[in-house]
Amino acid sequence: MTDFEFWSPTYFAFGKGKETCTGELVRRFGGHKALLHYGGESAVRSGLIGRVKESLSSADVEFVELGGVKPNPRSSLVEEGVRLALGNKVDFVLAVGGGSVIDSSKAIAIGAANGGEWRKFYVGREVKVRPAIPAALSVGVVLTIAAAGSEASTNSVVNLEPENLKRAAGGNILRPKFAVMNPELTTTLPPFQTACGLADMFAHICERYFTPTKDVELTDALCEALMRTIVSEGAKVMANPDDYQARASIMWAGTLAHNDLCGVGRVQDWASHGIEHELSALYDCAHGAGLAVVMPAWMTYVHKSDTARFARFARNVFGVGLGVSDEDAALEGIAAFRAWLKSLGLPLTFAELGAKKEDIPILVKTLNLNGNTLGGIMPLNEADVEAIYNLCNA
Ligand code: NZQ
Ligand code: ZN
């Protein structure tokens, strides 16, 4: 294990009806006037936005609102949010939704605290050191989908227009002050979105689990427990969307998969996410669906760089490959992973995702490695990335 510093200050209010505490939590974390930010129709239709507004009003929190965040959140709405936040002198941004709403909120929080400047903090793989974000308004979250883990993460991913580049900002300053997590709110998700969330949180663990760092036994064991839980409880929520206990396990798993509890003290990979973000930028597909296509292809391409680790994954997560060689176990594990994604109804190929082989040069170009490599367990250059996109097309 390598040395690390870990700061994960998010306050969690977890359980049925917890959204009624939202106003009180905004107050507790210093908010008096909030920008209430949300997505399309789902949170309005379910009555959640109404309940959150009531909670804000009863805690004497003033608010202005901005809905309309699209999946793969767009920079134009962030700009509108920053103008609204500055014009109304808000001191808090409240996100009600999933990763896209939270990430849009984080971008607005940066812009509102830096005289409108936020975009320069969103960079790609070409930059080795992310620009430090000097200030950001406090962000609070009412989570409606277990997936991206943004409710406790250091990151925000925004689709920058007009170039259509999906780029990320990061830093502890972006960790939300609180996250209200009521698993019941996730029962209205369409099965496809539930499945995308499962794939995304599983991928967040893989990005940390597949590491060149040795002797990280505790975090390896945490990762494996989380991955097994996502598979077993994921099957339950897919079979019965109203299974509260399974929804609760999945919701908490999504947070623990990405607040970096499992990533400390080790080199992390993140190649699959880099490769995927180009797909969701170009095709506007769901991030989890893109990962379902990329992750198995990436595993197939890199597994020989540490066959024993891939064999351990196969044995400890999917219970396959007992009594066979590490190479056979590794391949069986990748096949089991692929079969699990298929059982969720997720795409596995470019064709199923709606991506095109002819676009591979564009995808490689916009990833913009600029001579750098991508990934930890096996550093990938442009030719490697191109080969992985080709495997996705197979
Ligand atoms: O807009 P509405 O109508 O709310 O519909 C949303 C949206 O269409 C719907 N939805 C959410 N909660 C619902 C619901 N529908 C019914 N009932 C509910 N309770 O789900 C759709 C997808 O929402 P979105 O927020 O896009 O999903 P997700 O949480 O998967 O977020 C994906 C975004 O997060 C980024 C991704 O790249 C993508 O842009 N990521 C952010 C990360 C971070 N900040 O740390 C890390 C991730 O790796 C990821 O990159
Ligand atoms: Zn992700």
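Every number for a ligand or one of its atoms is a count from 1 in the order of the listing. Remember, it's a predicted structure, so these values are computed and weren't measured experimentally.
For atom 25 (O) of ligand 1, the nearest protein heavy atom lies under 4.0 Å away. Distances from atom 7 (C) of ligand 1 to the protein include at least one heavy-atom value under 4.0 Å.
The protein atom (non-hydrogen) at minimum distance from atom 12 (N) of ligand 1 is T144 OG1, 2.8 Å. Here the heavy atom of the protein found nearest to atom 15 (N) of ligand 1 is S42 CB, 3.5 Å. Atom 27 (O) of ligand 1 has as its closest protein heavy atom I145 CD1, 3.9 Å. Of all protein heavy atoms, the one closest to atom 35 (C) of ligand 1 is D103 OD2, 3.7 Å. Given atom 50 (O) of ligand 1, the protein heavy atom at minimum distance is H277 NE2, 2.9 Å. For atom 29 (O) of ligand 1, the closest non-hydrogen atom on the protein side is G99 N, 2.7 Å. Among all protein heavy atoms, the one lying closest to atom 45 (O) of ligand 1 is S153 OG, 2.7 Å. Nearest protein heavy-atom neighbour of atom 1 (O) of ligand 1: G40 N, 2.7 Å.
Look at H204 and you'll find a heavy atom under 4.0 Å from some atom of ligand 1. In this structure, K70 falls outside the shell of residues with a heavy atom less than 4.0 angstrom from ligand 1. Using a 4.0 Å heavy-atom cutoff, K166 is listed among the residues neighbouring ligand 1. Residue contacts with ligand 1: P73 is included, with a non-hydrogen atom under 4.0 Å away.
Looking at ligand 1, you won't find any N or O of P71 less than 3.5 Å from one of its N or O atoms. Considering backbone and side-chain atoms together, T186 places no N or O closer than 3.5 Å to any N or O of ligand 1. Polar contact with ligand 1: absent for G149 (N/O pair, distance under 3.5 Å). Residue A147 has no nitrogen or oxygen atom sitting less than 3.5 Å from a nitrogen or oxygen atom of ligand 1, judged on distance alone. At a 3.5 angstrom cut-off on N or O pairs, W270 does not count as close to ligand 1. For ligand 1, the polar-atom distance check finds an N/O of S150 within less than 3.5 Å of one of the ligand's N/O atoms.
A donor-acceptor pair is defined here as one N or O able to donate and one able to accept, closer than 3.5 Å; such a pair exists between the side chain of S343 and the backbone of W340. A donor-acceptor contact shorter than 3.5 Å is absent between the side chain of S150 and the backbone of S153.
By the 4.0 Å N-to-carboxylate-O rule, E233 lies close enough to K236 to be salt-bridged with it. Under the 4.0 Å criterion applied to side-chain N and carboxylate O atoms, D103 and K166 are not assigned as salt-bridge partners. Taking 4.0 Å as the cut-off between side-chain N and carboxylate O, R312 and E217 count as a salt-bridged pair. Using a cutoff of 4.0 Å between basic side-chain nitrogens and carboxylate oxygens, E65 and K53 are scored as salt-bridged. A salt bridge is absent between E79 and R83; no separation between the charged side-chain nitrogens and carboxylate oxygens falls under 4.0 Å. Ion pairing of K70 with D284 is absent here, as no side-chain N (NZ or NE/NH1/NH2) approaches a carboxylate O to less than 4.0 Å. Here D220 pairs with R266 in a salt bridge; the nearest charged N to carboxylate O distance falls below 4.0 Å.
Within the 4.0 Å heavy-atom criterion, the part of H287 lying near ligand 1 is the side chain and not the backbone. When heavy-atom distances to ligand 1 are checked against a 4.0 Å cut-off, N159 has no atom that comes that close, whether in backbone or side chain.
Checked against a 6.0 Å centroid threshold, the rings of H258 and W270 count as neighbours. Aromatic ring centres of F313 and F210: separated by under 6.0 Å.
Checking H204 against the Zn ion (ligand 2), an N/O/S atom falls under the 2.8 Å cut-off. The Zn ion (ligand 2) has D200 among its coordinating residues (N/O/S atom, backbone or side chain, under 2.8 Å).
Listed by number with element, the atoms of ligand 1 under 4.0 angstrom from any heavy atom of T188 are 16 (C), 17 (N), 18 (C), 19 (N). Heavy-atom proximity to V157, at under 4.0 Å, picks out these atoms of ligand 1: 41 (C), 50 (O). Of all the atoms in ligand 1, the ones that sit under 4.0 Å from a non-hydrogen atom of G39 are 1 (O). Near H273, meaning under 4.0 Å from any of its heavy atoms, are these atoms of ligand 1: 48 (O).
There is a path of hydrophobic side-chain contacts, each under 4.5 Å, that joins Y38 to L25.
Between the side chains of S55 and E19, not a single donor N or O lies within less than 3.5 Å of an accepting N or O. Side chain to side chain, Q268 and D260 meet the donor-acceptor criterion of an N or O pair below 3.5 Å. Side chain to side chain, E80 and S76 fail the donor-acceptor criterion of an N or O pair below 3.5 Å.
When distances from the Zn ion (ligand 2) to the N, O or S atoms of H273 are compared, NE2 comes out shortest.
Nearest to atom 46 (C) of ligand 1 by heavy-atom distance, out of R45, H258, E276, is H258.
The side-chain contact (heavy atoms from CB on, under 4.5 Å) with E151 is formed by just one residue from the set V180, N259, T255; it is T255.
Summarising the local packing, CG of D215 is surrounded by 12 or fewer heavy atoms from other residues, nucleotides or ligands at distances under 6.0 Å.
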